[in-house]
Number of protein chains: 2
Amino acid sequence: MSFRLLTVSALALGFVAAAAPLARAQDAATVERAIAVRDAALTSNIALDYVTQLTTRFGARPAGSKSEQDAAAWAADYLRAHGFQNVRIEEFPLVGWERGEGSAAIVGRNAQSLVAAALGHSPATPRGGVEADVVRFSSFEDLQAADSATVRGKIVYVDLGQMHPMQDGSGYGPHTRVRGAGPGVAAAKGAAAFIMRSVGSDEDRMPHTGTTRYVDGKPTIPSFALSAPDADQVSRLIALGEPVRMRLTSTARTYETHSQNVIGDLPGATRPEEVIVLGSHMDSWDLGTGAIDDGAGGAITVAAAKAIADSGRRPARTLRVIFYGSEEVAQPTPQTGNGGGVYARNQGAALEKHVIAGESDFGADRVYALRLPAGAQGSDFQKAATRVLYPLGVLASDQVETDGGVDVGPMGPLGVPFFGLAQDGTRYFDLHHTANDTLDKIDPAQLSQNVAAWAGLLWLIADSDVDFRAMRPATTTATPAAH
Amino acid sequence: MSFRLLTVSALALGFVAAAAPLARAQDAATVERAIAVRDAALTSNIALDYVTQLTTRFGARPAGSKSEQDAAAWAADYLRAHGFQNVRIEEFPLVGWERGEGSAAIVGRNAQSLVAAALGHSPATPRGGVEADVVRFSSFEDLQAADSATVRGKIVYVDLGQMHPMQDGSGYGPHTRVRGAGPGVAAAKGAAAFIMRSVGSDEDRMPHTGTTRYVDGKPTIPSFALSAPDADQVSRLIALGEPVRMRLTSTARTYETHSQNVIGDLPGATRPEEVIVLGSHMDSWDLGTGAIDDGAGGAITVAAAKAIADSGRRPARTLRVIFYGSEEVAQPTPQTGNGGGVYARNQGAALEKHVIAGESDFGADRVYALRLPAGAQGSDFQKAATRVLYPLGVLASDQVETDGGVDVGPMGPLGVPFFGLAQDGTRYFDLHHTANDTLDKIDPAQLSQNVAAWAGLLWLIADSDVDFRAMRPATTTATPAAH
């Protein structure tokens with residue numbers, strides 16, 4: 001797919017005619033310059049170089065692993081080499097999780113191997129594995145309602161069916177509830193282990209890992225995700241009236257380590273203390289190489305900032321690129337946690353000068369909508385942004401950006417507003433958290449469209465005095481969903 | 001995709017006008033009956049039931065494994081239950097191969113896991129694996145020409161680039177040469193191990209296994225296939241100027257076992273000694289569940305024969321369905337080998353009454369061409385067959401069917417002619433020999449089109465006296481390619 005800019009006549013029809021007198025920040029010269037930055041970024045940017053080097057040199061980058069640490073050091077050098085200033089690494093302690101070896105199989109009648117993966121932070125099985133009969137549930141509610149007698153000593157299998165692909169990714173939520181809370185519910189009823197259909201929209205024989213939750217600070221029972229074809233298979237066997245008995249093994253372990261945020265600035269020309277945060281995360285799940293989750297986000301944000309730096313004029317405010325560590329972690333605590341929480345806590349009073357924050361953590365497919373704080377609906381800023389973004393196929397959304405995402409989210413309750421450039425997630429959950437999250441899945445044309453959208457929007461924000469804090473609603477409900 | 005029959009007017013235009021007086025075997029009544037059988041098979045057949053039960057109950061069915069044996073016993077029962085007669089299991093000894101555990105990783109600088117799989121019949125590594133520097137070749141010829149000094153003690157990596165998808169599957173050949181002969185060439189130059197880009201047209205992070213060849217009856221060096229994204233990764237690292245060192249482990253082993261052919265007949269009404277063979281194979285590679293390779297072939301052939309049995313009239317000649325054992329075997333010998341060779345040898349003089357043979361072993365996507373023996377070009381039989389098949393989208397090919405395929409192929413040098421119903425292989429090598437070869441990859445509409453094409457064609461052959469032996473060329477070159 002390639003992104004051609006719409007012609008000026010289409011634009012004029014839709015927007016120029018309706019343009020009210022712009023506030024100083026969104027005057028014609030600023031918009032013109034944003035359009036120029038956008039167009040330059042669309043045709044030339046460093047995003048593909050960054051994500052190619054990152055994923056090729058370091059492969060998977062699990063939170064707290066040596067490869068995440070090495071990648072952070074390399075990324076800091078990359079920022080310095082591209083003109084970012086005040087580049088620093090913000091370390092924090094972490095309980096890491098390592099998959100080790102694992103297996104899943106039907107044993108006895110209809111014996112066959114299954115393709116499964118332990119869920120993040122789930123504990124190991126005893127040596128030799130867990131072997132037990134399988135009891136199947138087709139909803140979380142059915143599992144919750146089940147009598148302990150039917151579950152005790154069994155392997156609990158939850159199959160909600162295939163996740164529905166949606167452009168905005170909204171098919172994900174109902175399934176993550178099973179992944180997060182299912183093992184704890186099964187454990188409380190005496191289950192020996194937990195296995196679920198992968199949270200994904202594909203039919204590849206690849207499990208989707210992802211984090212599960214501890215209960216009372218402790219891991220519960222060994223927990224696994226089964227690939228979609230294997231989930232079909234197990235459910236079909238049960239439908240054929242066959243008894244299903246499984247053996248599950250896992251040598252997963254936790255260990256003390258550290259993760260880190262990598263931070264680099266393009267200082268503002270006239271109001272450098274006013275900071276705009278461009279977030280993404282450095283860690284990935286261990287099965288793939290974290291190209292779409294979230295090497296792409298780093299690529300988009302660093303390339304957008306670089307495109308502005310290369311425009312020949314420095315905007316008024318500071319652009320801060322942050323590659324957060326440990327986004328995928330299960331158990332953020334005040335002592336050990338995810339990079340987003342660490343950054344927000346460490347900033348202290350400096351957060352008051354954080355103008356706005358956004359993150360890119362939904363792959364590399366095209367941006368289709370701009371979301372702003374509640375008070376920005378119908379504002380001159382939104383109109384100016386639409387002039388810059390609509391030719392890329394990005395519409396102004398009437399959905400308000402309230403939570404920002406896992407990485408920038410912790411700044412929300414501390415007063416920082418958010419913007420969101422919503423990406424097309426239709427195929428995101430085909431790949432997410434699987435071995436298939438590799439570089440080849442990134443479409444360079446769509447990656448560049450992302451960079452152009454970020455660069456154009458950021459110019460408007462950074463070279464203006466628009467006050468997003470004034471546009472925030474009085475109260476926020478900052479409960480970011482895990483990505 | 002669904003297959004609608006073309007309208008009668010299109011047919012009349014193309015074929016009825018040109019129809020010469022048909023030989024007795026291809027008279028109007030026979031063609032009419034073939035068309036009725038075709039249409040009944042298109043809308044109702046047992047193919048999906050067969051392949052669903054087979055792949056669900058037994059999963060992977062490696063040659064000589066208990067699951068292949070169990071599946072054979074089940075399939076014999078399935079044939080009996082569907083009215084086939086003289087159902088029998090023809091056992092033969094076999095050296096089986098079991099994958100065990102394996103791993104591949106880059107170690108040292110740029111350390112990362114790789115997704116790879118041992119090639120069929122390759123030997124285990126020593127305990128602890130093989131660790132060595134990698135030397136890359138981009139062609140088989142470059143490997144052949146290499147000085148032993150550059151290869152000795154190294155891991156030889158051959159990357160021919162992505163296989164090209166072709167409708168007729170012709171992209172496969174150049175790559176199988178590397179898989180079959182590459183390890184032997186590398187071993188002769190003192191290489192420690194061999195790894196190649198998977199033979200496949202996909203960009204999934206799944207290795208394609210497949211058989212490699214022994215040299216002088218002995219396994220050579222541990223040999224692996226690397227998934228396409230990992231092959232890209234390794235080649236990119238080398239292009240970045242990075243040294244690449246790998247560790248490869250495999251616990252593969254061979255063992256004495258047996259495989260078997262499953263044979264069932266629909267005896268002919270008037271000339272039952274004249275046999276038409278409908279071949280496919282029961283074994284699969286161990287990574288997937290053998291849905292497209294080759295559960296689908298069994299499904300298509302058994303369903304086509306059953307459609308004829310259900311037509312209310314039994315044709316003159318015998319239809320013989322054979323689910324061959326051990327098609328994927330590396331090393332057929334007079335003592336231990338593949339099912340096709342065993343059947344051909346055991347038939348002895350009865351082969352003289354084998355009228356023709358065909359096999360279905362290229363997935364479940366639609367049939368697009370009919371191939372016949374050389375002498376059938378322009379024959380009345382070909383014209384009649386075209387009348388039956390063209391409405392399904394099947395053209396008469398000017399390519400001659402000479403080798404039949406791996407399973408029926410051994411009958412060729414013993415005088416049996418072949419037909420071929422060529423299937424669309426455009427996406428076949430995305431899935432072939434990978435874990436992704438699972439039931440969900442079968443499109444039920446295209447599967448039914450296969451059944452209809454087989455049923456219509458078989459009626460013409462079975463209820464006629466057409467003599468394909470008279471249409472064979474004087475000499476044949478029967479060197480079937482491995483599937």
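To find a chain, count down the sequence lines: A is the first, B the second, and so on, and within it residues start at 1. Being a predicted model, the structure only gives us computed values, none of them experimental.
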Assert top hit (heavy-atom pairs under 4.5 Å, partner chain A, pool B:Leu240, B:Val115, B:Asp232) equals B:Leu240
According to salt bridge (Lys or Arg N to Asp or Glu O under 4.0 Å), who are the partners of B:Glu131, at least two apart in sequence or on a separate chain? B:Arg245, B:Arg247
How about A:Arg205 and B:Thr289: do any of their side-chain heavy atoms sit closer than 4.5 Å? yes
For B:Phe224, enumerate each residue passing the ring-ring contact (aromatic ring centres under 6.0 Å, His included) test, keeping only those at least two apart in sequence or located in another chain. none
So, applying side chain to side chain contact (heavy atoms under 4.5 Å, CB included) with A:Asp204, which one of B:Leu431, B:Asp440, B:Asn436, B:Asp202 is it? B:Asn436
Heavy atoms only, distances under 4.5 angstrom: which of B:Gln53, B:Glu203, B:Glu101 has the most pairs with chain A? Name it, please. B:Glu203
Sorted by chain and number, sequence neighbours left out, side chain to side chain donor-acceptor pair (under 3.5 Å) with B:Arg236 holds for A:Thr56, B:Gln233
Could you look at A:Leu287 and say if it's the side chain, the backbone, both or neither that has a heavy atom under 4.5 Å from chain B? backbone
Quick check on A:Ala228 against chain B: is it the side chain, the backbone, both or neither that has a heavy atom closer than 4.5 Å? neither
How long is the gap from CZ on A:Arg57 to CD on B:Gln112, to the nearest 0.5 Å? 11.0 Å
Does any heavy atom of chain A fall under 4.5 Å from the side chain of B:Ala291, the backbone, both, or neither of them? neither
Which portion of A:Leu237 sits near chain B, non-hydrogen atoms under 4.5 angstrom: both
For A:Glu242, is it the side chain, the backbone, both or neither that has a heavy atom under 4.5 Å from a heavy atom of chain B? side chain
Residues of residues 58-69 of chain B under 4.5 Å from chain A (heavy atom pairs)? B:Phe58, B:Gly59
